[in-house]
Each structure stands twice: as C-alpha cells, then as structure tokens.
There are 2 protein chains.
Amino acid sequence: MPAQAKVAKVEASTSQPASPPLTERQEARRRRILHASAQLASRGGFDAVQMREVAESSQVALGTLYRYFPSKIHLLVATMQDQLEHMHGTLRKKPPQGETAAERVAETLMRAFRALQREPHLADAMVRALTFADRSVSPEVDQVSRQTTVIILDAMGLENPTPEQLSAVRVIEHTWHSALITWLSGRASIAQVKIDIETVCRLIDLTDPTATGKPS
Amino acid sequence: MPAQAKVAKVEASTSQPASPPLTERQEARRRRILHASAQLASRGGFDAVQMREVAESSQVALGTLYRYFPSKIHLLVATMQDQLEHMHGTLRKKPPQGETAAERVAETLMRAFRALQREPHLADAMVRALTFADRSVSPEVDQVSRQTTVIILDAMGLENPTPEQLSAVRVIEHTWHSALITWLSGRASIAQVKIDIETVCRLIDLTDPTATGKPS
DNA sequence: ATCAAGTCTGAAACTTGTTCTAGATTAGCG
DNA sequence: CGCTAATCTAGAACAAGTTTCAGACTTGAT
C-alpha cells in the first residue's frame, strides 16, 4: 500500500471554502480514508463500504473517520468528488470530436459511462450515495453537481451559456444520474442508456441560440 | 441477500403476476401496513418509517411485516405504487388542457408535483426509496416506472408511440425523478423544477412524427 | 521546554434494519 | 369436526451506522 502522501499545501484544485487548513498528517489521513473507501466500494459496492472496515483499512479510529466524514454518505460523496476530479482531468486531455455540441456532450458522457463500467461496484456506491443524500449533504452534492456541469459545458465549448442552455444542462444531468441508476439496478441495458443520453443531448441543439431551428 | 419467503405480491388493478391470492384478513393486513407506512412517512419522511413502528401501527408482528414486504425499501416502493394508482385515477378525471403533447405532459407532471408538495415528507420517503432500491427490488421499481410511463403516454394522447418517443418518455421520467430529488434535498427551487420539466418536455415535439419541426 | 487546546485512539453503547425461533392461530380439506 | 400445513405472534438476537467517553498524543504559542 502506498501510504505516502506528499501533498502540497492548499486545498483541492477546484474552489473550495476549506475551513481550517489541514496539517500534513491530516491530509494524509484523509487520503488514506478516501482510498480505502474507493477500494472497498470497487470490491462490493455500497454495502461493502462498512465504516469499521474503512477505519481499519485506513488505519484510523472509527471516531476519527467520523470526524473527517460525518456519515457514510458524506464519505461516498467525497469519494465521488475525488473520482470526478480525476475524470475531468482525463477527459480534458482528449476533447470530444463531434461536430455539434450535442454530439460532443453525448460522446463525453458515454466516455464517462464507459469509465464507470470498468468499476461498476464503485459506480454503484457513489451514485447510490449521491441520490440518497439528504439535506445534510447538500453542499457536497451540489459541489459534485457543479463539477458535472463544468464537464458538460466544457464539452459544449461554451463560455456564456444562456439560462435556457443551463436548464438543458440540468436536464442532461438529471438524465445522466437517473439513467445510471436504472443501469446499475439492472433495469436498463447499456444500449438503452446510450440512446437516452443521445436523446436528451438533442435538447442542446434545441436551445442553441446560434442555430435557427435545425431540422433533424 | 438470502431468504425469500413465498410471499404474496398482490395484484394491483394493473397487470401483475400475483402469486397466491390473499385471504381477506391478509388483504386487510396489507392495507393496514401500507396505510401505516404512508402515515409515518407523511410525518417525518424516510427516517420516520421505522419497521418496528410500522409493525406496531398496523397491529402486525415484525416478522409478519417482513413476510409481506421483505425490506423497508420494498415497503416504501409498494407505498409509492399505491399512491401512484391513486394519482393516476385523479389525473384521469381532469385531462390536461394544453394544445401540444409537450404542454399536456408538462401540465400533468406539474399537477403531480403539486400533489407531492402537499406531502413533502411522504414524497421524500417514496422517492428516496425508489432511487436507492437495488436489484432485489427491480420488479417493483419497474412496475412503478411502467405506471409512470402510462400516465405520461396518457397525457400525450398516444396509442402507438414510436421507439423515439418511448426514449423521450424515458428521459422525461429520468428528469422527473432526479428533479424531484434535487427539490427534496433543497438544492433546487420549485420554480427550477418547473423550468426543467418544461424544458425536457420539449423533447416530445422533437420526436413527434406528425409535426415537421415546429420552431418555438 | 512547557502548557492548554485540540486531535486521535480504542472500546463500549446505542439505534434501527433484518433474521431467527418457539409456540399459538388460522385456513383448507377430508 | 379433526387434522395438517401455512401463517402469525412475541421476543430475542444479530449487523452495521452512529455516538460517546476516558485517556494518550500533537500542535501551536509562550
């Protein structure tokens, strides 16, 4: 186990309030916890992430784990934030090829989807936590949502989205989450998820102010 | 998860396999349970639906409760089925007024949304259960999904939807569920939910084979 | 180096979903 | 009616998330 965290100071690359700055050892603990969480999740999904096991795996007392992440849901949402950052970096490297914004967004989401397919259990744990989260986790869930929005807007290649476009993006995110859930719970095939994503992405063209009603 | 009793599954008015027919007392027990579930949920949402309390409220032993509904999630999803049937009946009575299919669907969903607003805690419990459900609840969740589809197709006034239209309907359902969640967890306003629903409903016009690209 | 405040640890306790058991009731049938 | 299998009941027991607590360890400032 690589238990080495060098950790520059500073908080995550994305804007975060960051309450009290963490010491180096604390940052290391935090990383160990997130790593253990992702690892256990990869093995057996949501249920396999047991707080006692996470604590043991990351060599931290149970109470400490709860000091860092006030609930299992918080922990998994944080794990998702972590993975999303990763993915955003990866996606940035090879921008999508599509002609239209709709195609590029669909391509990006399908790429993300394929990444999730490689670790379906991990995906299960993260997505279930995300949708199960109650108000007490709103800030964290919102952060995930913002990050997703950024990824989609990136794929669209937009600087100044109109309110209409933002609504379309929200709808795309809704579809993305919900389609993921139906796939994870075995109620929809991969092909169906693909179709749904492509379908919803058509909304983008519909709200594109530069194109004047392009018939399909 | 092991163990499955050969329990009863009831036949809702809508098509269902329905294992063994229930006796009258059993049917009554089942109703008491669902009633208690909805009542507790209305009070305090998902967390307030505690299996021991449901059992007590419905005058049934805990073991019996589990024989009827193999988990809390099953119970809440069944509660949702129940409420949905109710709502479908109500909606049928006053069909939506809109000119276009998109308008009628949006109107119908907003009407449903307002009904949920009247019992936000109940909505919370049902929707959280629905999205948290794992594979073991797939049949039941699927049933809810089918029922929702029927409601939407009803509003569209369609007999023979094309595959494209079915996909649009699925996307609308995705948006509906997910928007509901963001509202329930306080991350989106009612106004925003309305906008998102109206936005996604535009997909319907986009897939309407009888209209040839009506610009808004 | 020292002290106060804040953190971390290990362990036990508490909560609520779920399972199990032994005995009472009920339903269907001859 | 009387029997047998299925169902129901009360209650204990178990599992995993969460809380709590006393004591050991770190940290930051003096």
Side-chain angles (χ1 to χ4, degrees), chain A residues 3 9 19-33 36-37 40-41 43-79 125 128-129 132-134 136-137, chain B residues 1-10 19-33 36-37 40-41 43-79 125 128-129 132-134 136-137:
Chain A
K9 56 169 329 34
S19 345
L22 299 186
T23 74
E24 205 143 318
R25 305 185 58 192
Q26 288 175 320
E27 194 57 51
R29 268 190 208 101
R30 202 186 123 89
R31 298 252 111 255
R32 286 205 307 276
I33 292 172
S37 166
L40 287 170
R43 237 195 260 330
F46 188 89
D47 293 333
V49 181
Q50 304 195 350
M51 298 305 267
R52 290 173 172 88
E53 285 213 34
V54 173
E56 189 171 352
S57 286
S58 47
Q59 311 229 255
V60 135
L62 191 55
T64 306
L65 171 52
Y66 273 94
R67 173 183 280 275
Y68 280 71
F69 302 96
S71 78
K72 174 169 172 171
I73 301 291
H74 281 84
L75 171 58
L76 284 172
V77 171
T79 303
R128 298 261 293 286
F132 191 63
D134 66 359
S136 70
V137 206
Chain B
M1 300 356 204
Q4 65 328 3
K6 49 184 49 233
V7 179
K9 205 128 137 31
V10 188
S19 339
L22 299 187
T23 73
E24 203 140 320
R25 304 186 59 191
Q26 288 176 320
E27 193 56 53
R29 269 189 206 103
R30 201 187 124 90
R31 299 252 111 255
R32 286 206 307 277
I33 292 172
S37 167
L40 287 170
R43 236 193 259 331
F46 188 89
D47 293 333
V49 181
Q50 303 197 351
M51 299 305 268
R52 286 175 236 269
E53 286 214 33
V54 173
E56 189 171 353
S57 285
S58 48
Q59 310 227 254
V60 133
L62 191 55
T64 305
L65 171 52
Y66 272 95
R67 173 183 278 276
Y68 281 71
F69 302 97
S71 77
K72 173 170 174 173
I73 300 292
H74 282 84
L75 171 58
L76 284 172
V77 171
T79 303
R128 296 260 294 286
F132 191 63
D134 67 359
S136 71
V137 204

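In what follows, chains carry the letters A, B, and so on, assigned in the order in which the sequence lines appear, proteins first and then strands, with residues in each chain numbered from 1. The structure presented is a predicted model; accordingly, all values stated were derived computationally and were not measured.
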Please work out if Val49(B) contacts a base, only the sugar-phosphate, or nothing of the nucleic acid, heavy-atom cut-off 4.0 Å.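 Counting heavy atoms under 4.0 Å across all strands, the contact made by Val49(B) is with sugar-phosphate only.
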Pick base, sugar-phosphate or nothing for Gln59(B), based on heavy-atom distances below 4.0 Å to the nucleic acid.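 Gln59(B): backbone/sugar contact only, no base atoms under 4.0 Å.
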Along DNA chain C (nearest heavy atom to each residue), the more 5'-positioned of Ser71(B) and Arg29(B):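 Its nearest nucleotide being more 5', the pick is Ser71(B).
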Hey, which sits more toward the 5' end of DNA chain C by its nearest nucleotide, Gln50(B) or Ala61(A)?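 Going by which nucleotide is closer to the 5' end, it is Ala61(A).
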Side chain of Arg25(A), heavy atoms from C-beta onward: which of dT16(C), dG17(D), dT27(D) has the nearest atom to it?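 Selected nucleotide (nearest to the side chain): dT27(D).
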Closest to the Tyr66(A) side chain, choosing from dA27(C), dT19(D), dC8(C):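 Ranking dA27(C), dT19(D), dC8(C) by closest atom to the Tyr66(A) side chain puts dT19(D) first.
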In whole angstroms, how far is the [atom2] atom of [N] from the [atom1] atom of [X]?
X         : N       : atom1 : atom2 : answer
Arg32(A)  : dT9(C)  : CZ    : C1'   : 13 Å
Phe46(A)  : dG17(C) : CZ    : P     : 14 Å
Arg30(A)  : dT7(C)  : CZ    : P     : 16 Å
Lys72(A)  : dT18(D) : NZ    : C1'   : 12 Å
Leu76(B)  : dT16(C) : CG    : P     : 16 Å
Phe132(A) : dG17(C) : CZ    : P     : 10 Å
Glu27(A)  : dT7(C)  : CD    : C1'   : 16 Å
Glu56(B)  : dT9(D)  : CD    : C1'   : 14 Å

Just to confirm, is there a sub-4.0 Å distance from OP1 or OP2 of [N] to any side-chain nitrogen or oxygen of [X]?
X        : N       : result
Thr23(B) : dA27(C) : no
Arg52(B) : dG17(C) : no
Tyr68(B) : dC8(D)  : yes

Which heavy atom in Leu62(B) sits nearest to a heavy atom in Met51(B), and how many Å separate them?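 Smallest heavy-atom distance, with atoms named: CD1-O, 3.8 Å.
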Rounded to the nearest 0.5 Å, what separates atom CZ in Phe46(B) from atom CD1 in Ile73(B)?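 If we round to the nearest 0.5 Å, Phe46(B):CZ and Ile73(B):CD1 are 4.0 Å apart.
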Once rounded to the nearest 0.5 Å, what's the spacing between atom CD of Glu24(A) and atom CD of Glu27(A)?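 Separation between the atoms: 9.0 Å.
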Less than 4.5 Å apart, side chain to side chain, heavy atoms only: is that true for His74(A) and Tyr68(A)?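 No, side chains not in contact.
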Between Gln26(B) and Leu62(B), which residue's closest nucleotide on DNA chain D lies nearer the 5′ terminus?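 First, find each residue's nearest nucleotide; the 5'-ward one identifies Gln26(B).
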Within 45° cone and under 6.0 Å: Lys72(A) NZ/CZ vs Phe132(A) ring: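 Checked: cation-pi criterion not met.
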